[in-house]
Structures are given as structure tokens and as C-alpha cells.
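Working notes, structure below.
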Amino acid sequence: MTLNVRVTGPLGDFVAANVGASGSYENVSEYVRDLIRKDMERAEQQQFERLKAELGAAFAAPDASYVPLTASEVIARNANRRSA
């Protein structure tokens with residue numbers, strides 16, 4: 001995929017300061033790829049934290065709140081959620 005992005009003003013100055021001999025990156029493409037990787041890691045971390053919170057709440061729930069289900073009931077329930 002090729003992207004063309006125009007960055008001007010303070011944003012352009014900031015990018016220029018981070019690229020080349022004075023910056024941490026050799027070129028703008030390398031800088032943008034690193035930013036995208038970091039954003040992906042951030043999104044994955046947020047997803048993990050949400051899952052951890054959901055699991056924490058589930059494990060903290062009293063045993064009486066659990067309803068036993070068969071494997072086929074779980075599969076059917078999940079199929080219904082996807083189609084909704």
C-alpha cells in the first residue's frame with residue numbers, strides 16, 4: 001500500500017525534527033511505520049485490558065450466577081450474537 005500524506009506547519013516541523021541526521025528515523029516512511037506499529041500495540045493493549053476486566057468481573061461473580069451450558073448451546077448462542 002502506498003500512502004501520500006501532506007503534513008504542514010507545526011506537524012511538518014515535528015516530523016522533520018524526528019527524521020534525518022537530527023532525528024531518530026532515517027526517513028519519513030520509517031517514522032510513519034513505527035507510529036503505526038505503536039498504535040497497533042496500543043490498540044492491542046486496550047483490547048487485552050478490556051478482556052482482563054471482563055474476565056475479572058466474571059471470576060468475581062458468585063457461583064449462583066453461573067448457568068451450565070452444553071457445548072452446542074454455547075455455539076448456538078455465539079452464532080446468534082454474530083448474526084445480530
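Worth saying up front: this structure is predicted, and the values here are computed from it rather than measured. Numbers for residues simply follow the sequence, beginning at 1.
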* To do: Decide if atom OH of Y66 counts as having more than 12 heavy atoms of other residues, nucleotides or ligands within a radius under 6.0 Å.
  => yes

* Residue among V32, V28, L35, V5 satisfying side chain to side chain contact (heavy atoms under 4.5 Å, CB included) with V15 -> V28

* Given R42, which of Q45, Q46, E44 fulfils the side-chain hydrogen bond (donor to acceptor under 3.5 Å, both in side chains) condition? -> Q46

* For A16 against S22, the heavy-atom pair lying closest together -> O-OG, 4.2 Å

* Structure fact -> Smallest heavy-atom separation, S65 atom then A61 atom, equals OG-CB, 3.4 Å

* **Check against side chain to side chain contact (heavy atoms under 4.5 Å, CB included), V19 and E26** => CA-CA 6 Å; V19 174; E26 290 184 27; over 6 Å; no

* According to a 4.5 Å side-chain heavy-atom criterion applied to Ile, Leu, Val, Met, Phe, Trp and Tyr, with indirect links allowed, do I36 and Y31 form part of one hydrophobic cluster? -> yes

* **Distance, nearest 0.5 Å, that separates OG1 of T8 from CG of D13** => 9.0 Å

* To do: Could you tell me the separation between the CG atom of N18 and the OH atom of Y25, rounded to the nearest 0.5 Å?
  => 7.0 Å

* **Charged N-O contact under 4.0 Å between E41 and K38** => no

* Asked: What do the steps show when you test E49 against L51 for side chain to side chain contact (heavy atoms under 4.5 Å, CB included), and what is the final call?
  -> CA-CA 5 Å; E49 293 300 328; L51 176 60; over 6 Å; no

* Can you list the steps and then say if E30 with R33 is a salt bridge (Lys or Arg N to Asp or Glu O under 4.0 Å)? -> CA-CA 5 Å; E30 182 183 309; R33 283 191 296 271; 5.5 Å; no

